[in-house]
Protein chains: 2
Amino acid sequence: MPQPPLYEQIIADVMAAVRAGTLKPGQKLPSIAELREQYESSAWPVRYALRILEERGWIVTRQGKGSFVANEPPA
Amino acid sequence: MPQPPLYEQIIADVMAAVRAGTLKPGQKLPSIAELREQYESSAWPVRYALRILEERGWIVTRQGKGSFVANEPPA
DNA sequence: CCACATTTGTCCGTATGTATC
DNA sequence: AGATACATACGGACAAATGTG
């Protein structure tokens, strides 16, 4: 079994945190710099994951501000 | 007025081609290398655009094969 | 099975621009 | 003006899947 790519792990982690209520609607996610440290990675997987999460409706991202859990995240 | 980013242009072009029937369901899109030449860009905007198009259900991408118009692309 | 070319997948570092505070 | 944070884009590296011979 191949290990999943890091960005998939980040996506899964955020979704799990939202489902668990650890991250609540409207709440700010850690910055990309912080997520880089947390995952000990470059910005690439972090940005990639956030973009996909946004496409899927889990978060909204605002330049200069940060990423926030969507008001009505998917189930 | 800021010009739109290149990857947005690529997304719009593919969507327009699908809507117009220039690209039909199941049909193979040009490879990333070809799209790079076409847009005189690096791989980045092309990959980015294709990934978003896939998230939005317009195309499916298969490693080693290429990208193809989805069987039932969105309206 | 092996070799090879083609194509997409994942990831890094860097640069520059834009938005917010 | 400065600090923080995200946005777009380039170049490169190596991996993995596919198809052909």
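Values below: every heavy atom of this structure, side chains too, minus hydrogens, waters and symmetry copies. Within every chain, numbering begins at 1; the chains are lettered A, B, ... in the order of the sequence lines, protein sequences first and strands thereafter.
With Gln27(A) contributing its side chain and Lys24(A) its backbone, the two residues share a donor-acceptor pair below 3.5 Å. Using modelled atom types, no side-chain atom of Arg62(A) and backbone atom of Ser67(A) make a donor-acceptor pair closer than 3.5 Å. The closest donor-acceptor contact from the side chain of Glu8(A) to the backbone of Pro5(A) lies at 3.5 Å or more, if one exists at all.
Atoms CG (Leu29(A)) and C1' (dA5(D)) sit 13 Å apart, rounded to a whole Å. Rounding to whole angstrom units, CD of residue Gln3(B) and P of dG17(C) are separated by 13 Å. Atom CD1 in Ile10(B) sits about 12 Å away from atom P in dT8(D), given to the nearest Å. Whole-Å rounding puts the Arg51(B) CZ to dT8(D) C1' distance at 18 Å. Atom OH in Tyr48(B) sits about 13 Å away from atom P in dC6(D), given to the nearest Å. dC10(D) atom P lies 7 Å from atom CG of Leu6(B), rounded to whole Å. Atom CD in Glu54(B) sits roughly 11 Å away from atom C1' in dG9(C) (whole-Å rounding). Atom pair Ile52(A):CD1 and dC11(C):P shows a separation of 10 Å (rounding to whole Å applied).
Non-hydrogen atoms lying under 4.0 Å from DNA chain C are contributed by Gln63(A), Gly64(A), Lys65(A), all within residues 61-68 of chain A. Taking every heavy atom of residues 31-47 of chain B and every atom of DNA chain D, pairs under 4.0 Å involve Ser41(B), Ser42(B), Trp44(B), Pro45(B), by number.
Not counting sequence neighbours, the partners of Glu55(B) by the salt bridge (Lys or Arg N to Asp or Glu O under 4.0 Å) test are Arg56(A), Arg51(B). Considering only residues two or more places apart in sequence or on other chains, Glu37(A) meets the salt bridge (Lys or Arg N to Asp or Glu O under 4.0 Å) condition with none of them. For the salt bridge (Lys or Arg N to Asp or Glu O under 4.0 Å) test, no residue two or more places apart in sequence or in another chain qualifies with Arg47(A). Considering only residues two or more places apart in sequence or on other chains, Ser41(A) meets the side chain to side chain donor-acceptor pair (under 3.5 Å) condition with none of them.
In this model, the phosphate group of dA9(D) is not approached by any side-chain N or O of Tyr7(B) to a distance below 4.0 Å at OP1 or OP2.
Remark: Leu50(B) CG to Ile59(B) CD1 distance equals 4.5 Å, nearest 0.5 Å.
As judged by a 4.0 angstrom heavy-atom cut-off over every strand, Leu50(A) is placed among residues making no nucleic acid contact.
Residues Pro45(B) and Ile10(B) form a side-chain contact, since some pair of their non-hydrogen atoms from C-beta on lies under 4.5 Å apart.
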